[in-house]
Amino acid sequence: EDVAIHEFMPKTKALLEDRGTSFDNFFVTYPFCCPARATILRGQYAHNTHIVGNEPPWGGFEKFRHLGLEESTMATWLQDAGYHTAMVGKYLNRYVPKRDGVPPGWDEWYVGGNAHRSYNYTLNENGRTVAYGDKPEDYLNDVLTAKAVQVIRDASASGQPFFLYVLPYTPHSPSVAAPRHEGMFADAKLPRTPAFNEGDVSDKPAFIRSIPPLDEEQIRRLEDEYRRRLASLQAIDDMVESVLNELEAAQVLASTYVIYSSDNGFHLGEQRLPAGKDFPYEYDIRVPAVVRGPGVPEGQRISAMVLDNDFAPTFAEIAGIEPPDFVDGRSFLPLFENPDHAWRKSFLIERRQFEAQYVHLAKQVGVTGDLNEAAQLDAIRTADWTYVEYGTGERELYDLAGDPHQLDNAVETADPALVAALAARLAELRTCRGAECGRLEDLAPMDGGLPRLAAQPQ
């Protein structure tokens with residue numbers, strides 16, 4: 001879910017944002033389905049989980065299990081600490097409910113496979129396969145909401161601390177709305193930022209340069225997708241309300257942390273790209289993030305750069321346990337007490353393969369060259385800059401203060417010392433592990449013996 005459509009969720013705003021703390025700079029480090037969710041489960045960059053795609057050999061559920069990553073996740077840590085753990089919704093790509101069972105760490109499990117169409121799907125319910133049909137009451141998000149509410153009701157009645165991880169499928173394409181929300185936002189206008197259908201992409205990598213401007217029919221389809229996404233999100237808004245209401249009815253809301261976020265951002269026509277994710281630009285790496293809970297100030301906003309790597313170690317600190325040494329992220333709990341707490345100055349963005357739709361697009365527009373090289377990228381994001389290196393040798397640099405829509409690639413005009421410093425720090429981050437990641441993230445790119453020069457175009 002991208003940040004822009006978060007404003008169309010009034011219940012979530014009233015119950016979480018107005019009653020909790022929002023993160024203005026929350027990012028995912030690999031904005032793609034399976035890699036991002038593997039990062040959330042383990043608190044690691046994708047280069048350390050080795051889950052860098054949705055399908056073998058790049059990634060997917062089978063690889064996550066084969067590598068033994070299920071044996072140590074935030075679920076196993078919290079279960080070992082005495083928590084009742086439950087997952088509701090979507091696990092890892094290629095998980096098959098009839099075949100793959102319940103992973104370690106989960107006391108309750110209500111998880112589907114490829115259920116994006118919201119009807120005629122199957123859930124694995126605590127090891128038992130249950131098929132759902134196409135009646136209004138089978139609408140997936142409402143079924144998941146009911147499961148989540150029941151978990152809260154039962155767990156709170158037992159008095160055992162609980163961890164509930166809810167992963168809805170919507171607004172993922174095809175973005176099916178609940179029957180009660182069909183037709184909403186039929187007149188909504190697709191946002192058109194300065195990056196939308198960018199006119200001059202001559203400074204972009206060859207892959208984007210090869211994409212012709214969007215025509216009227218393509219823009220019409222993007223607007224239709226935008227409207228469907230908005231309508232489908234209303235069921236998520238209802239889910240948030242139901243979960244909060246049940247926590248309150250169970251008299252555990254005041255003692256429960258409620259964390260709302262997403263595993264990737266989304267673009268709809270920016271830089272001429274069709275609907276999707278997995279690029280190093282702001283609209284793909286930024287996600288909404290809101291926390292409500294004990295000691296969390298109401299209505300506060302935090303500007304620190306927080307990552308999906310940080311979820312797992314944050315949950316560990318809430319539970320009063322130490323996460324394993326392999327964790328790359330850090331707990332963000334200290335930021336609630338002091339938003340100016342010393343914090344990371346940079347982080348890594350990764351990509352190792354294109355989504356299938358971009359491979360198809362490349363063939364359509366006649367892209368030549370090695371698509372694997374074009375897809376591979378590593379980037380460093382600081383408060384002021386995004387610097388990207390591609391497998392092709394192409395590079396991008398964006399001044400986020402002066403060029404927030406990332407229209408002008410400044411890699412050839414910026415201070416060479418700045419570019420060199422960013423490249424040097426990126427080279428270190430792309431192989432970092434555990435505490436070393438935090439040490440490197442805490443250094444400004446010009447720290448560590450490199451010249452401290454202002455970044456001025458020449």
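Bear in mind the structure is a predicted one, so any value in this text is a computation, not a measurement. In what follows, residues are counted from 1 in the order of the sequence shown.
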Subject >> Nearest heavy-atom neighbours spanning C432 and L440 >> reply: CB-CD1, 3.9 Å
**OP:** For Q271 and I208, work out which heavy atoms get closest and say how close.
**Re:** O-CG2, 3.7 Å
Original post:
Knowing that exactly one of T193, I219, L222 qualifies, which makes a side-chain contact (heavy atoms from CB on, under 4.5 Å) with L268?
Top reply: L222
Exercise: do [X] and [Y] side chains pair donor with acceptor under 3.5 Å:
{"X": "E17", "Y": "Y260", "answer": "no"}
{"X": "N245", "Y": "E241", "answer": "no"}
{"X": "Q406", "Y": "Y283", "answer": "no"}
{"X": "N48", "Y": "H50", "answer": "no"}

**OP:** Evaluate the ring planes of F8 and Y226, with Trp represented by its six-membered ring, and classify them as parallel (under 30°), tilted (30 to 60°) or perpendicular (over 60°).
**Re:** perpendicular
Original post:
What orientation do Y30 and F32 show, parallel under 30°, tilted 30 to 60°, or perpendicular over 60°?
Top reply: parallel
Subject >> Side-chain heavy-atom pair L407, P194 within 4.5 angstrom cut-off >> reply: yes
Original post:
Are the side chains of R37 and N93 in touch, meaning some heavy atoms are under 4.5 Å apart?
Top reply: yes
Original post:
Between Q150 and D154, does a side chain to side chain donor-acceptor pair (under 3.5 Å) hold up when you go through it step by step?
Top reply: CA-CA 6 Å; Q150 192 63 49; D154 294 343; 2.9 Å; yes
Using 4.0 Å as the upper bound for N to carboxylate O, is an ion pair formed by [Y] and [X]?
{"X": "R229", "Y": "D224", "answer": "no"}
{"X": "E7", "Y": "K13", "answer": "no"}
{"X": "R65", "Y": "E70", "answer": "yes"}
{"X": "R330", "Y": "D310", "answer": "no"}
{"X": "D442", "Y": "K345", "answer": "no"}
{"X": "E55", "Y": "R94", "answer": "yes"}
{"X": "E389", "Y": "R430", "answer": "yes"}

Spatial distance of atom [atom1] ([X]) from atom [atom2] ([Y]) [nearest 0.5 Å]:
{"X": "L144", "Y": "M87", "atom1": "CG", "atom2": "CE", "result": "11.5 Å"}
{"X": "L167", "Y": "I40", "atom1": "CG", "atom2": "CD1", "result": "7.0 Å"}
{"X": "R439", "Y": "E436", "atom1": "CZ", "atom2": "CD", "result": "5.5 Å"}

Original post:
After noting the C-alpha distance and the side-chain angles of I259 and F315, does the key distance pass the side chain to side chain contact (heavy atoms under 4.5 Å, CB included) rule?
Top reply: CA-CA 10 Å; I259 300 175; F315 298 151; 3.2 Å; yes
Original post:
So, do F311 and F26 have ring centers that fall under 6.0 Å from each other?
Top reply: yes
Subject >> F163/Y83 aromatic ring centres below 6.0 Å >> reply: no
[X] side chain to [Y] main-chain N or O, any donor-acceptor pair under 3.5 Å?
{"X": "N54", "Y": "G60", "result": "no"}
{"X": "R344", "Y": "M305", "result": "yes"}
{"X": "R227", "Y": "A188", "result": "yes"}
{"X": "R381", "Y": "I349", "result": "no"}
{"X": "W77", "Y": "T73", "result": "yes"}
{"X": "T39", "Y": "Q44", "result": "yes"}

**OP:** List the steps, then state whether side chain to side chain contact (heavy atoms under 4.5 Å, CB included) holds for Y91 with F64.
**Re:** CA-CA 11 Å; Y91 184 41; F64 193 82; 3.9 Å; yes
Subject >> Stepwise side chain to side chain contact (heavy atoms under 4.5 Å, CB included) test for T12 and I236 >> reply: CA-CA 9 Å; T12 302; I236 304 291; 5.7 Å; no
Subject >> Aromatic F326 / basic R433 pairing, under 6.0 angstrom, 45° off normal >> reply: no
**OP:** Report yes or no: is the cationic atom of R351 (NZ for Lys, CZ for Arg) under 6.0 Å from the centre of the six-membered ring of F279, at an angle within 45° of the ring normal?
**Re:** yes
Subject >> From E246, E108, E248, residue fulfilling salt bridge (Lys or Arg N to Asp or Glu O under 4.0 Å) relative to R153 >> reply: E246
Original post:
So Y95 and N124, side chain to side chain contact (heavy atoms under 4.5 Å, CB included) or not? Walk me through it.
Top reply: CA-CA 10 Å; Y95 172 84; N124 183 309; 3.4 Å; yes
**OP:** Would you please name every residue forming a side chain to side chain donor-acceptor pair (under 3.5 Å) with T29, sequence neighbours left out?
**Re:** D308, N309
**OP:** Kindly write out the residues that satisfy side chain to side chain donor-acceptor pair (under 3.5 Å) with D24, not counting sequence neighbours, or none if the list is empty.
**Re:** R301
Original post:
With a cut-off of 6.0 Å (strictly less than), are more than 12 heavy atoms of other residues, nucleotides or ligands near CG of D325?
Top reply: no
Original post:
Under the side-chain contact (heavy atoms from CB on, under 4.5 Å) test, which residues partner R220, sequence neighbours left out?
Top reply: E217
